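Treat the numbers as computed from the prediction; the structure is a model and nothing was measured. Counting starts at 1 for both ligands and their atoms, following the listed order. Residue indices begin at 1 and follow the sequence shown.
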Amino acid sequence: MKPSGSTKIVRLIGYPVEHSKSPLMHNAAFQSLGLDFVYNLFSVKPSDLKEAITGLRAPNVAGANVTIPYKEEVMKYLDEISPEAEFIGAVNTIHNRQGRLGGYNTDGQGFITSLLTEGRIKLEGQKALLLGAGGAGKAVAVKLTERGVERLAITDKIAAKGEDLVGRLRENIPDCPVYAVAMSSKEFAETVFESTLLVNATPVGMKEGDPCVIDPEYLHKDLFIYDVIYNRETPLVAEAKKRGLKALGGIGMLIYQGAASFEIWTGQRAPVEVMRKKILEELSSASI
Ligand code: NAP
């Protein structure tokens with residue numbers, strides 16, 4: 001579609017942003033619904049962040065996505081923050097409502113929609129183990145506990161990070177048993193063996209040559225694996241599949257978090273299959 005005098009702009013704010021697949025996914029979605037919107041990249045130097053956010057209040061801007069390194073820092077420039085983004089401590093989506101800026105985090109929604117629709121599992125009765133208590137890990141933890149898994153165990157390289165997340169989940173979602181477990185402890189092996197769902201939210205597996213995030217010998221047949229990493233099939237997913245386990249990578253999470261953002265900006269249901277096709281085309285042609 002040609003830009004018109006009333007085209008609504010959505011920006012990706014980050015530094016750098018050139019690697020992002022989001023413009024392809026969102027522009028394909030806008031086009032398929034005939035929406036007069038355009039998604040573009042906005043590489044913002046740290047000293048320009050405040051001004052860049054002020055620019056989102058203009059009437060022709062629908063909102064933005066926010067990526068590394070600004071997901072936390074943007075929060076102080078917004079007028080409202082959703083309770084979920086507040087809990088996670090990070091915003092990945094901004095909506096401009098007549099000059100007032102609302103901040104959201106759609107990663108958890110992306111994860112849970114992908115897990116339920118593509119993984120086709122029920123959360124009831126699941127004993128979940130989460131690896132990584134960073135941004136993605138917090139988003140995953142909120143959704144798993146809100147949606148009623150039987151219990152959630154959390155491991156992070158930095159034990160205090162896992163314990164801190166456990167403490168905050170206990171305060172906010174008291175009905176779900178949550179505990180921290182150190183990867184180096186003997187309880188860790190026991191926890192894995194008792195678990196039915198393992199989610200990797202660490203970056204281990206993103207880079208060529210990365211190891212499997214846990215000892216593959218721990219991968220027992222009753223474990224469902226979800227790895228939030230989307231740029232390649234990780235050793236965790238490959239090892240799980242080799243052993244006949246059900247395993248999903250993070251492409252679905254990427255698509256559904258994008259779909260949730262799209263719905264915030266446009267008020268319309270996202271054309272998920274159009275977005276999926278575009279992302280899969282892009283990932284299969286990328287030299288990563
Ligand atoms: P992050 O904030 O840095 O969190 C990662 C956490 O994992 C950190 O606390 C890190 O500790 C910890 N960690 C690293 N290695 C570990 C290990 N071996 N065992 C246990 N914990 C370990 O990163 P993030 O933003 O959450 O991103 C994590 C991954 O999720 C990335 O690969 C990212 O691409 C992916 N992601 C995917 C989607 C999607 O849509 N599919 C969305 C968001 C993120 P240290 O800080 O000490 O290293």
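Not a single N or O atom of P203, backbone or side chain, sits closer than 3.5 Å to an N or O atom of ligand 1. Note: no N/O pair closer than 3.5 Å links I158 and ligand 1 by distance alone. Ligand 1 has no N or O atom lying under 3.5 Å from any N or O atom of V213, backbone or side chain. At least one N/O-N/O distance between K161 and ligand 1 falls below 3.5 Å.
Within the 4.0 Å heavy-atom cutoff, A201 counts among the residues contacting ligand 1.
Here atom 7 (O) of ligand 1 lies nearest to G132 when heavy atoms of A90, G205, G132 are compared. Of the candidates V228, L254, N231, the one placing a heavy atom closest to atom 37 (C) of ligand 1 is V228.
By the 4.0 Å N-to-carboxylate-O rule, R147 lies too far from E124 to be salt-bridged with it.
Between the side chain of S284 and the main chain of E281, a donor-acceptor pair closer than 3.5 Å is present. At distances below 3.5 Å, at least one donor-acceptor pair connects side-chain atoms of D210 with backbone N or O atoms of K207.
At a heavy-atom distance under 4.0 Å, atoms from both the backbone and the side chain of T202 approach ligand 1.
Between W265 and F30, the two ring planes are tilted [angle within 30° to 60°].
In this structure, R11 is not positioned above the aromatic face of Y39 in the sense of NZ or CZ being under 6.0 Å from the six-membered ring centre and within 45° of the axis.
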